[in-house]
Amino acid sequence: MSLYEQIGGDAAVNAAVDIFYRKVLKDARINRFFTGVDMDRQAAKQKSFLTMAFGGPNNYSGLDMRRGHAHLVAQGLNDSHFDAVVENLGATLKELGVADALIAQVAAIAETTRNDVLGK
Amino acid sequence: MPRITYEGIGYACDPGQTVLDCLTAQGIAVPSSCRTGVCQSCLMRALGGSVPEVAQAGLKPTLVAQGYFKACSCVPAEDLRVALPDAAGLKLAASVVSIEPLNPDIVAVRLRPERPLDYRAGQFIRLYRDAQQSRCYSLASVPHLEEDILEIHVRQIPGGKVSSWVHGQLRAGDAVEIADSAGQCFYVPGDPEQPLLLLGTGSGLAPLYGILRDALSQGHRGPVRLYHGSASPAGLYRTEQLQVIAATHPHFQYVPCISAGAVPSGMRQGNVLEAALADQPDMTSWRVFLCGHPDMVQEARLQVFLAGAASADIHADPFIPSGAPIAHQP
Ligand SMILES: Cc1cc2nc3c(=O)[nH]c(=O)nc-3n(C[C@H](O)[C@H](O)[C@H](O)COP(=O)(O)OP(=O)(O)OC[C@H]3O[C@@H](n4cnc5c(N)ncnc54)[C@H](O)[C@@H]3O)c2cc1C
Ligand code: HEM
Ligand code: FES
C-alpha cells in the first residue's frame, strides 16, 4: 500500500485541509505569506499541497514548485519558513491520529521539494 | 496556443488569457461585470471543444449540460468554438409590482416574473437596465412564502448606473428583464440542530432575510443569530419585522450593530463581526452566512474560519462591484 493510501487518501486530505490551513494562518512566523490570497482558491491549493506531501497523485514538476513560490522567495521565504510549514504539517497529522512513522515519511517527501520551493 | 472561434472567425488566445479578455481585446462586446466568476454576467456557450471545470463552477446543471460557461473564468486548454447565449434562453420578463423605501439609501423592489422562477432564498438574480448593463441583486423573498413575487433590496450607489436607475426612474408597473437565479449562499435542510450565524452589512440583509425565514419555516431548531451592521441606526431596516420574528421564535436572536455615534437601547455598539465573535468566540460546528461589502465578507470569512467554523460551512456572498467597462463596441 502506498503512503498516500496508508494515511487515508483523499478523505485524509479533506480532513487535513481545514486543520492545516487554520494552523498556518495562526502561525505568526509564516501567515504573512498567505494573507490577501482568496480563501476559496487557497483551499484548492492546500489540497494540492497536501496530496503532494502525502505522496498522492499530482502533476507538479520541480519547475512548477520553483515558479509557484518564486514570488514568495522574493518576499523573503527561507529555510525557517519551510521548516515551519513542515512542522504544521506534522502537527496536523498528529491531530488526525496518524502514526509517527508515517509522519516522518511525509516530512521526507516535503524535504525533497525544499530547494525548488526556496529557489535554491 | 488555443484558438477561439466566434461567428466563424478564429482568434489566438494567449497563454493564460481568458476567453473574455481574448474576445474583448478583439472588439467583441461580451457583457461582463465582476470578472471574478461570481455574477455570471459573462456567460457564453461552447459549441465545440470543452472548457475547464472552473469555468462552469457554480452553474446550474441545466446550464452546464447546454455548454454554458463563464468567459471571465475560462482559460482554454484546447480550441473552442463559442457563441454568446441566445438572450431569450437566459432572460425572462418581469413586471415591477412595487418600489418601497426601506431606509434613506435602500429600496425594496418587488417583481412578478412572467413564469415562476426556480430559486433558493439567498440566491441572486440579474436585473437588466439594457442589453449590456445588468447587475446582481440578492433575493430577500422565499419561494414557498412569497409565491410568485421576487423581492430585492437595492442600495443607491452615487453615480451607479443600475442602482441610480432603479432609484430614480423605475416605477411600479414597468416591464423589466431579469436573468435566472444563481449563487451558492442559501440554506439547505438536513442538519436542523446546527447553530446558524447570519452576518451582513447594509443591503447584505436582503439574502439573510430570505435565508432566515427559509430556515425557520423549514423547521430549523438550532440557535439562529442574525447580526446586521450599519454606521448609524438610520441604515438599519426591517427591524420591526425582525423583532417580531425573534419574539415568536425563541431560538432566533436579532442583533443590530451600530459602528459610529450614539447607540439606541437594544442595539449593540461596534462592528458586526467583532460583536458576533465576542458572543461566539468558538465557531466550531456553526454554519455561517456572510453577505454584503466584499472587504467585510473577506475578513469575516477569515475570522470565522480561524474561530473554528469548517470551510465547507461558510457561505459567503460578497457584493462585488462590476469592473471597469472593457467591452469596446465593434
Ligand atoms: C452576488 C452579488 C449580489 C449582490 N446583491 C446586492 C443586493 O442585494 N443589493 C445591492 O444593493 N447590491 C447588490 N450587489 C451589488 C450590485 O450588483 C451592484 O454592484 C451595485 O448595485 C452597483 O451597481 P451600479 O450599476 O449602481 O454601479 P456601477 O455603475 O457599477 O458603479 C459606479 C461606481 O460605484 C462604485 N461602487 C459600486 N458598488 C459600490 C459600493 N457598494 N460602495 C461604494 N462604491 C461602489 C463602482 O466601483 C463604480 O466606481 C450584489 C453584487 C453581487 C456580485
Ligand atoms: C513543504 C514544501 C512545499 C510544497 C510541496 C508546496 C506545494 C505547493 C503547491 C502544490 C501549491 C499550489 C500551486 C498551484 O496549484 O498553484 C503551493 C502554493 C503555495 N504555497 Fe507552497 N509548498 C511548500 C512550501 C511552502 C512554504 C514554505 C510556503 C510559505 C511559508 C508556501 C506558501 C505557498 C503559497 C502562499 C501558495 C499559494 C501561492 C499563490 O497565491 O498562488 N509553500 N505550494
Ligand atoms: S462571472 Fe464573469 S463577469 Fe462575473
Side-chain angles (χ1 to χ4, degrees), chain A residues 8-51 57-61 63-71 84-85 87-89 91-97, chain B residues 15-16 18 34-39 52-59 70 72-75 77 182-185 199 273 277 281-291 293-320 323:
Chain A
D10 194 48
V13 172
N14 287 334
V17 164
D18 272 11
I19 301 174
F20 174 71
Y21 192 29
R22 203 174 278 124
K23 284 191 194 300
V24 164
L25 289 173
K26 285 189 174 170
D27 188 336
R29 295 172 293 177
I30 50 175
N31 57 10
R32 67 184 171 96
F33 295 106
F34 295 85
T35 52
V37 187
D38 177 87
M39 265 187 75
D40 272 344
R41 248 174 277 173
Q42 195 53 244
K45 291 191 173 168
Q46 299 301 333
K47 262 198 90 159
S48 313
F49 162 73
L50 292 169
T51 306
N58 74 83
N59 302 317
Y60 290 105
S61 65
L63 191 59
D64 292 335
M65 285 296 98
R66 235 165 236 277
R67 289 209 185 110
H69 296 87
H71 62 296
V85 165
E87 186 186 314
N88 283 308
L89 185 59
T92 301
L93 291 170
K94 191 118 193 124
E95 213 171 301
L96 289 170
Chain B
T18 63
C34 73
R35 314 184 106 241
T36 55
V38 173
C39 72
E53 212 176 301
V54 287
Q56 295 182 313
L59 297 192
K70 297 176 283 186
C72 74
S73 313
C74 182
V75 177
Q184 304 297 315
C185 192
L199 192 147
L273 177 60
L277 287 172
D282 181 0
M283 299 294 306
T284 312
S285 88
W286 282 69
R287 202 188 317 178
V288 182
F289 297 90
L290 307 166
C291 302
H293 197 284
D295 295 344
M296 185 287 287
V297 167
Q298 192 182 340
E299 181 62 21
R301 179 184 258 225
L302 175 65
Q303 296 302 337
V304 297
F305 176 69
L306 290 178
S311 50
D313 275 332
I314 306 176
H315 308 272
D317 226 347
F319 288 2
I320 299 165

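When reading the values below, keep in mind they use all heavy atoms of this one structure, side chains included, and skip hydrogens, waters and symmetry mates. By convention in this document, chain letters (A, B, ...) are assigned in the order of the sequence lines, proteins followed by strands, and residues within each chain are numbered from 1.
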Can you tell which part of B:Ala309 gets under 4.5 Å to a heavy atom of chain A, answering side chain, backbone, both or neither? backbone
Tell me if the CZ atom of A:Arg29 is crowded by more than 12 foreign heavy atoms within 6.0 Å. yes
Look only at the side chain of A:Asp18 and the backbone of B:Ser311, and say whether a donor-acceptor pair between them is shorter than 3.5 Å. yes
Under 4.5 Å from any heavy atom of chain A, what part of B:Leu302 do you find: side chain, backbone, both or neither? both
